[in-house]
Amino acid sequence: MAEVTLRVFRGDRDGGKAVDYQVPLTEGMVVLDAIHSIQAHQAPDLAVRWNCKAAKCGSCSAEVNGRPSLMCKTRMDALPHDQPITVYPMKSFPVIKDLATDVSWNYRVNKKIPPFQPRPGVEWKMDQRDVDRVQEFRKCIECFLCQDVCHVLRDHDKKQQFGGPRFFVRSAGLEMHPLDGASRTRMLKEELGIGFCNITKCCTEVCPEEIHITDNAIIPLKERVVDEFYDPVAMIVRKIFGAK
Amino acid sequence: MADSSAVKELTRFGSTQRRDAWWIEIIPALVIFSAFIIYATWRAFEGKFYEVGPYLSPFYSPLIDPEHHWWRFSPAILILGGPAGFRVTCYYYRKAYYRAFVMHPPSCAVSEGEHRGYRGEASFPLILQNVHRYFFFIVAVFLCFLWYDAVVAFKFPEGFGIGVGSVIMLVNVLFLTTYSASCHSLRHLVGGKVDCFSCVTLGAPRHSAWRFVTILNEHHMLWAWLSLFSVALTDLYIRLVASGVLKDIRLL
């Protein structure tokens with residue numbers, strides 16, 4: 001049986017090193033299978049977070065050959081075998097142990113977003129064309145790969161000033177909801193720092209749910225921030241007509 | 001940098017664990033944008049060979065004070081700010097040049113190094129990118145002139161006719177119109193800002209308009225590239241004909 005070498009990060013937040021493991025290849029194998037094989041036969045203390053193995057729980061996020069990916073969705077036969085396959089934890093978050101990272105910062109950001117608030121006296125009925133747009137945002141599985149690849153978090157570590165693509169997606173789902181009455185534009189500008197995003201679309205490239213994060217969530221939200229804070233004509237129109 | 005202890009070594013500019021040739025993505029943008037900027041700047045300052053027969057170069061349209069009554073420099077300098085501003089602030093081009101020229105980041109999961117002062121588009125000067133919708137309005141006016149020029153390109157001294165230049169000008173204005181109509185700001189203005197199409201006045205036509213712009217917007221990058229090529233090639237063709245290097249071929 002053919003074997004492949006996996007170079008897996010072993011360590012914790014104080015440091016660590018890459019360790020090579022030989023893994024027998026089987027048909028249809030994904031990277032998570034290979035990691036499980038290592039756990040089962042060579043390193044039972046290897047820490048990895050996983051759950052569904054079907055690309056729906058968003059738990060097994062890691063960096064495979066340097067690309068933020070779900071391990072359960074990355075097939076071994078799609079990777080070159082001439083060199084060891086590197087499997088590292090997500091760079092943007094602190095390592096707990098081996099491939100498991102501490103993503104709790106994301107949950108703290110999530111709490112900043114005002115939840116769904118129905119407009120006063122709203123009729124609880126929605127037209128399909130109004131919900132089509134927000135349904136895309138509901139596909140998010142919170143794998144945080146978009147947060148991992150975003151250079152504002154990854155390279156600049158702006159966790160105090162910037163919310164990241166995942167929370168622009170959540171905000172877009174609420175902002176564009178046909179029955180919602182709350183405005184989140186000031187929060188997007190001041191607390192989630194949407195201006196830090198320079199729309200380089202890496203979040204869209206890595207999204208396993210293929211959500212058009214930049215085009216359908218971030219840019220429309222940026223445009224709403226422009227309406228509210230930077231467009232003098234929109235401000236005057238709003239003043240006169242009081243409408244969106 | 002982020003505080004993962006696993007990859008502390010990946011903080012230098014350009015460092016990555018990616019195995020693919022990530023830099024290949026940015027080379028076309030770097031080369032073509034640079035070539036376009038150099039060519040367009042040279043043509044804008046050249047001030048001649050912009051008009052021949054019924055053809056007018058898009059770099060010089062609308063043509064203002066060609067006789068130099070009050071403006072002694074090239075007439076293109078008066079107008080190029082409009083289309084240039086539209087492209088510079090365009091959401092697609094921003095992605096392309098932030099990656100290719102500014103390297104923020106050079107590619108996904110490739111380190112750009114640590115810059116403590118990074119502010120993205122949250123402060124001056126890049127906060128000015130928010131003016132993009134105003135450039136859209138300016139470009140919409142330019143498109144009216146370019147459509148007029150495209151129609152005039154079929155009017156020869158002896159009447160209606162079709163030359164290679166007529167076809168090139170028509171194709172160019174079609175690409176420019178499609179690129180402008182696929183603009184993210186337009187998508188927002190025609191309906192993207194509406195949360196509930198079924199609740200607002202003119203909701204159905206606004207939804208249709210938003211859907212139409214959305215379909216075009218899905219290929220915004222393609223339209224951006226095609227229109228960039230078409231505008232440069234249209235100008236080049238007219239310049240070559242006007243300077244006598246080429247003879248315009250009449251198809252009809």
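The chains referred to below are lettered A, B, ... by the order of the sequence lines, with proteins before strands, and numbering in each begins at 1. What's counted below: heavy atoms across the whole structure, side chains too, no hydrogens, waters or symmetry copies.
- Of the inter-residue distances, the one linking A:E228 atom CD with B:K193 atom NZ reads 11.0 Å to the nearest 0.5 angstrom.
- For chain B, the nearby parts of A:V233 are the backbone and the side chain; heavy atoms of each come within less than 4.5 Å.
- Using a 4.5 Å cut-off between heavy atoms, B:V200 makes no contact with chain A at all.
- Nearest approach of B:R133 to A:A234, heavy atoms of both residues: NH1-CB, 4.5 Å.
- Atom CZ of B:F45 has 12 or fewer neighbouring heavy atoms from other residues, nucleotides or ligands inside a 6.0 Å radius.
- Not a single donor-acceptor pair under 3.5 Å links the side chain of B:R94 to the backbone N or O of A:T200.
- A:Q135 CD: more than 12 foreign heavy atoms inside a 6.0 Å radius.
- Within the 4.5 angstrom heavy-atom criterion, only side-chain atoms of B:I127, from C-beta onward, approach chain A.
- Residues B:H188 and A:D227 meet the side-chain proximity criterion, which asks for heavy atoms closer than 4.5 Å.
- Judged purely by atom type and a 3.5 angstrom limit, A:N198 has no side-chain atom pairing as donor or acceptor with the backbone of B:E121.
- Using a 4.5 Å heavy-atom cutoff, the side chains of A:L179 and B:C196 are not in contact.
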(request) Please assess B:E112 against A:H156 for the test side-chain hydrogen bond (donor to acceptor under 3.5 Å, both in side chains), listing each intermediate value before the final yes or no. (result) CA-CA 9 Å; B:E112 60 186 76; A:H156 304 299; 2.6 Å; yes
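- For A:D231, the parts lying under 4.5 angstrom from a heavy atom of chain B are both the backbone and the side chain.
- Crowding of B:F145 atom CZ: a count of heavy atoms from other residues, nucleotides or ligands under 6.0 Å not exceeding 12.
- You'll find the side chain of B:F197 reaches within 4.5 Å of the side chain of A:R133, heavy atoms only.
- Side-chain contact between A:K222 and B:S185: absent, with no pair of heavy atoms (C-beta onward) separated by less than 4.5 Å.
- Contacts between A:R119 and chain B at a heavy-atom distance below 4.5 Å involve the side chain alone, from C-beta outward.
- A:M126 contributes atom CE, which lies 10.0 Å from atom OG of B:S198 (distance to the nearest 0.5 angstrom).
- Both the sub-6.0 Å distance and the 45° axial angle are not jointly satisfied by A:R67 relative to the ring of B:W22.
- With rounding to the nearest 0.5 Å, the separation of CZ in A:F162 from CZ in B:R119 is 12.0 Å.
- Looking at A:Y230 and B:Q129, their side chains never bring a donor and an acceptor atom within 3.5 Å of each other.
- For the pair A:N65 and B:R18, the minimum side-chain heavy-atom distance is 4.5 Å or more.
- Considering CD1 of A:I199 and NE2 of B:H184, their distance stands at 7.5 Å, rounded to 0.5 Å.
- For B:H207, the part lying near chain A is the side chain, with the backbone staying farther off; criterion is any non-hydrogen pair under 4.5 Å.
- Looking at A:K158, only its side chain comes within 4.5 Å of chain B, counting heavy atoms on both sides.
- Contacts between A:I85 and chain B at a heavy-atom distance below 4.5 Å involve the backbone alone (N, CA, C, O).
- By the neighbour-count criterion of 12 heavy atoms within 6.0 Å, atom CZ of A:F116 is densely surrounded, having more than that number from other residues, nucleotides or ligands.
- The structure places CG of B:N217 at 8.0 Å from CG of A:N216, a figure rounded to the nearest 0.5 Å.
- How far SG of B:C183 is from CD1 of A:I219: 9.5 Å, rounded to the nearest 0.5 Å.
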(message) Between B:R99 and A:E205, is the salt bridge (charged side-chain N to carboxylate O under 4.0 Å, His left out) condition met? List the steps.
(response) CA-CA 14 Å; B:R99 283 198 193 186; A:E205 286 185 22; 2.9 Å; yes
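- In terms of non-hydrogen atom pairs under 4.5 Å with chain A, the most contact-rich of B:Y98, B:Y134, B:Y118 is B:Y118.
- A pairwise comparison of heavy atoms in A:D155 and B:V110 identifies OD2-O, 4.0 Å as the closest pair.
- Ranked by heavy-atom pairs under 4.5 Å with chain B, the list A:C150, A:P68, A:P84 is led by A:P84.
- More than 12 heavy atoms of other residues, nucleotides or ligands shown are found within 6.0 angstrom of CZ on B:F36.
- No donor-acceptor contact under 3.5 angstrom links the side chains of B:H132 and A:E223, judged on distance only.
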(message) Does B:D195 form a side-chain contact (heavy atoms from CB on, under 4.5 Å) with A:H177? I'd like the steps, not just the answer.
(response) CA-CA 6 Å; B:D195 294 338; A:H177 195 290; over 6 Å; no
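- Contacts of B:R211 with chain A are absent, with no heavy-atom separation under 4.5 Å from either backbone or side chain.
- Of the residues considered (B:A122, B:S107, B:G120, B:S123), B:A122 shows the highest number of contacts with chain A, using heavy-atom pairs under 4.5 Å.
- Put simply, the side chain of A:R224 gets close to the backbone of B:G192: a donor and an acceptor are under 3.5 Å apart.
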